[in-house]
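Everything below concerns the one structure shown next.
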There are 2 protein chains.
Amino acid sequence: MQTQNTEQLILNAAISIFQKKGMAGTRMQEIADEANINKAMLHYYYRNKQQLFEAVFMQAFQKLAPQLNLIFASEMGVNEKIRKFTASYIDFILENPYLPGFIVQELNYNPEFVLKFMSHKGKPDPTSFLTQIEEEIKAGNIKKMPPKQLLLNLLSLTIFPFVGEMMLKVLMDISDSEFQNMMEERKTLIAEHFINSISS
Amino acid sequence: MQTQNTEQLILNAAISIFQKKGMAGTRMQEIADEANINKAMLHYYYRNKQQLFEAVFMQAFQKLAPQLNLIFASEMGVNEKIRKFTASYIDFILENPYLPGFIVQELNYNPEFVLKFMSHKGKPDPTSFLTQIEEEIKAGNIKKMPPKQLLLNLLSLTIFPFVGEMMLKVLMDISDSEFQNMMEERKTLIAEHFINSISS
DNA sequence: GTCTATAGCCAGATAGAC
DNA sequence: GTCTATCTGGCTATAGAC
């Protein structure tokens, strides 16, 4: 095992454990076990737990950002953006199920770190999408409503089912397989429904 | 300070800390400090951390349940339920801002405990609401769509902004006061928008 | 680079005086 | 019931052999 391999092995193991249990709930030993490697190696490559966590968080955010840019930074029309975003975001999350909950949660527990990290890393910028909405409203194609509320609705419909998966399963008596089916169904259902609800 | 008072004092302090930092991130000492009381008292009244946490979780869930029953277990018509639920739920959360995130998160980290707890405590049951939706669809008043997806959309629009508050503030450049204003606005905005989107 | 052993600390829990 | 003092275990982190 060379440097590159071991370092990546550790990062992958750390991603898996941190995303499931969060910063405070994770033990370094668990990560070592997951990587089939010695605990001292974690410190050799990543100095301490905080730095390993930051590497994981950064990686997660950088995976998520391009998904958001599907809607923030592309040249498509509004309806096309909405269809593209919902379908592709849901596909993406089905392959990274713990990601949204992880980001949401650690953002709550650790806002100061995140803000520091954001300032020198850059984040998706919704401005152009919000402007696009305003123009469509002026043109009479979309019902009058604050653009940020519209975007918030879209993000809610797309992201929440995954963040609140467990709560929803308990509350609505949904099995694992039914949940999967519902998410597949949402890939098209949300977009049509949402477009229909904003069109004037 | 008599038994009743101290016990309640501890529970209140525990609610405040656990909801902000979660089970794993909370220190017993912090709870003791918050309650202006000695750490040993926590163990005197609640035996150990797990049991104190369970008391907090139970209390949180029992506060939330009546809010859900506004929509699950009342005699109103669908549109009326939607208006009532969104407005009253948002009001409720504005006074208990950490509650939804806390429940969602601990449910993810601790599903087995929750399921055990649910079985002998009872939870809000959405069956009658789902049936009501089906009937409205048959009657041609609501667009054809799976009732559970409709309910999931409603919960997403209402709950997600609070669970993902920090993420949204960062992503959409929303200040504290703008966030408050948006949530006030949503008390009526969501309902009208949602009703409009499902009406055929 | 990788391992074993261990230092050092911190948090949960308890003993026991009052 | 409430407090101080302390035990105990577990966890992060490091020292040091290979």
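Chain A is the first sequence line, chain B the second, and so forth, proteins listed ahead of strands; every chain is numbered from 1.
- D176(B) is listed as a side-chain neighbour of K169(B), based on a closest heavy-atom distance under 4.5 Å.
- By the 4.5 Å heavy-atom criterion applied to side chains, R27(A) and K49(A) are counted as neighbours.
- Straight-line distance from the CG atom of N36(A) to the C1' atom of dG1(C): 17 Å, rounded to whole Å.
- Using a 30° and 60° split on the angle between ring planes, F53(B) and F102(B) fall in the perpendicular class, above 60°.
- DNA chain C is contacted by no residue of residues 10-21 of chain A, taking any non-hydrogen atom closer than 4.0 Å.
- When the P atom of dA13(D) is taken as reference, atom CE of M41(A) falls 15 Å away, rounded to whole Å.
- Spacing between atom OH of Y46(A) and atom C1' of dA13(D) amounts to 17 Å, rounded to whole angstrom units.
- E184(B) and Q180(B) are not linked by any side-chain donor-acceptor pair at a separation below 3.5 angstrom, with hydrogens and angles left out of the test.
- Rounding to whole angstrom units, CD of residue Q8(A) and C1' of dG1(C) are separated by 17 Å.
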Reading nucleotides 11-18 of chain C 5' to 3', which nucleotides get B (base under 4.0 Å from a protein heavy atom), which S (sugar-phosphate only), which -? SBBB----
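- Sequence neighbours left out, the pairs with a member in residues 191-200 of chain A that pass side-chain hydrogen bond (donor to acceptor under 3.5 Å, both in side chains) are R83(A)-E192(A).
- Separating the CD1 atom of I31(A) from the P atom of dC11(D) is a distance of 13 Å, rounded to the nearest angstrom.
- In this model, the phosphate group of dG1(C) is not approached by any side-chain N or O of T6(A) to a distance below 4.0 Å at OP1 or OP2.
- In this pair, F61(B) and F57(B) present their aromatic rings parallel. The plane angle is below 30°, not in the 30 to 60° band.
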